[in-house]
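Within every chain, numbering begins at 1; the chains are lettered A, B, ... in the order of the sequence lines, protein sequences first and strands thereafter.
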Number of protein chains: 2
Amino acid sequence: MDADKVFKALGDPTRRKLLDLLCERNGQTLGELCENLDMARQSATQHIEILVAANLVSTVRRGREKLHFINPVPLHEVYERWVRKFERQRLSLLHDLKRELEGEQE
Amino acid sequence: MDADKVFKALGDPTRRKLLDLLCERNGQTLGELCENLDMARQSATQHIEILVAANLVSTVRRGREKLHFINPVPLHEVYERWVRKFERQRLSLLHDLKRELEGEQE
DNA sequence: TTGACAGGCAGGTAATTACCTGCATATTAT
DNA sequence: ATAATATGCAGGTAATTACCTGCCTGTCAA
C-alpha cells in the first residue's frame, strides 16, 4: 500500500465524490460519472487516474465503454496503519496534556 | 470534521512522520520534532500548522516552548465516514465485476 | 460505410504547495 | 542587563495540481 497515493487521492472533494458515486452504484462508465461532476470530461478522467494509481478504483473496458469499480482494500490498510494506532492512546491524551502543563516530565 | 483538511494533512510524508513522532512521545516541542525532520525549522512549522488546522494536533505554550499533542478524534471520524462505508460492500465487489463483464445490468 | 457515441492524447494556464532565507520577538539563565 | 535559546513573521521560488480546449481513435448501429 502506498499511503502517499491513497491519502493524496482522498485529499480532493471531487475524488471523494467519485468514490461515493461508485459506492451508490458500482461499475459506472466514465460518462455516467461525469454527469454528476460539473467539470470537463478530461478533468474527471485525470481524477480517476489518480484513484486508479492509488488502487482505490479498478477499470474494465467493455466495448467502447470503460467501467469503474471501487476497491476498498487500500482504505482498510490505511485504517490499520493510521487510525487504530492513534485510537489506542486516545484515553491517555488528556492526562499527557495535564501532566505537561504541570511541568512534570516523564 | 473537515475531511478535506484531514486528508490533505495526511497526504504528505513529513506530516505523517510528525504524527508518528508524537505517537512515540506526545507533547514534544517544535525543536525536538525538527531534530527528526531534515528540513528547515520554518518548513516544519508550516507542516505543523496544517496538522493543527486539520485538528490533528493541538499546541500549548509553556514559557518559550511550544508543546505539541496528537488529537486522534479526526482520524476516528475519517474512519467512520470513509472506511466503514466501503468495507461493508467489500465482499460484493467481485460479484459486481463478474456480473458486469457478463454484460448483465442491474 | 458512415455518423454518432465513448473515451484517449497533448498541450497550456492559474492556483497551490513545499521548500527556503533573513530578520524580529519573547523567554530564560548567568 | 545580556547572551543564548525557542519560536514567529515576511517574502520569494520551483514543483505540483486542477482545471481547461482542441483534436484523435476506437466501437457500434443504421
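Protein atom CD of A:Glu49 is 13 Å distant from nucleotide atom P of D:dT17, rounded to whole Å. Put simply, CD on A:Gln46 is 11 Å from C1' on C:dG11, counting in whole angstrom units. When the P atom of D:dT5 is taken as reference, atom CD of B:Glu65 falls 13 Å away, rounded to whole Å. Straight-line distance from the NZ atom of B:Lys66 to the C1' atom of C:dT27: 15 Å, rounded to whole Å. One interatomic measurement links the two molecules: CG of A:Leu33 to C1' of C:dG7, which rounds to 13 Å at whole-angstrom precision. Residue B:Ile48 contributes atom CD1, which lies 16 Å from atom C1' of D:dC9 at whole-angstrom precision. Counting to the nearest Å, the C1' atom of D:dA18 and the CG atom of B:Asp4 are 13 Å from each other. Taking atom CG on A:Asp38 and atom C1' on D:dA18, their separation rounds to 14 Å, with Å as the unit.
Contact between the side-chain N/O atoms of B:His47 and the OP1/OP2 oxygens of C:dT17 is not found at any separation under 4.0 Å. For C:dT16, the OP1/OP2 oxygens have no side-chain nitrogen or oxygen of B:Lys8 closer than 4.0 Å. A sub-4.0 Å separation between OP1 or OP2 of D:dC20 and a side-chain N or O of A:Ser43 is present.
To the nearest 0.5 Å, atoms CZ (B:Arg16) and CG (B:Leu10) are separated by 7.5 Å. Between the OG1 atom in A:Thr29 and the NE2 atom in A:His68 there is a gap of 8.0 Å [rounded to 0.5 Å]. Annotation: the span from A:Leu19 atom CG to A:Asn71 atom CG amounts to 10.5 Å, rounded to 0.5 Å. Between atom CG of residue A:Leu75 and atom CE of residue A:Met1 there is a gap of 10.0 Å, rounded to the nearest 0.5 Å. Here the straight-line distance linking atom OG1 of A:Thr14 with atom CE of A:Met39 works out to 3.5 Å at 0.5 Å rounding. Note that OG1 of A:Thr45 and CG of A:Leu33 are 9.5 Å apart. Values are rounded to the nearest 0.5 Å.
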### Message
At under 4.0 Å between heavy atoms, how does the protein contact nucleotides 23-30 of chain D? Give one character per nucleotide, 5' to 3', with B, S or -.
### Response
---BBS--
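Taking only distance into account, the side chain of A:Gln42 never meets the base of D:dC19 through a donor-acceptor pair shorter than 3.5 Å.
A:Tyr79 and B:Tyr79 have parallel rings, their planes meeting at less than 30° on a 0 to 90° scale where 60° marks the start of perpendicular.
Picking from D:dA18, D:dT7, D:dC20 the nucleotide with the shortest atom distance to the side chain of B:Leu30 gives D:dT7.
Nucleotides of DNA chain D nearest to A:Gly11 and B:Thr29 differ in position, and the one nearer the 5' end is that of B:Thr29.
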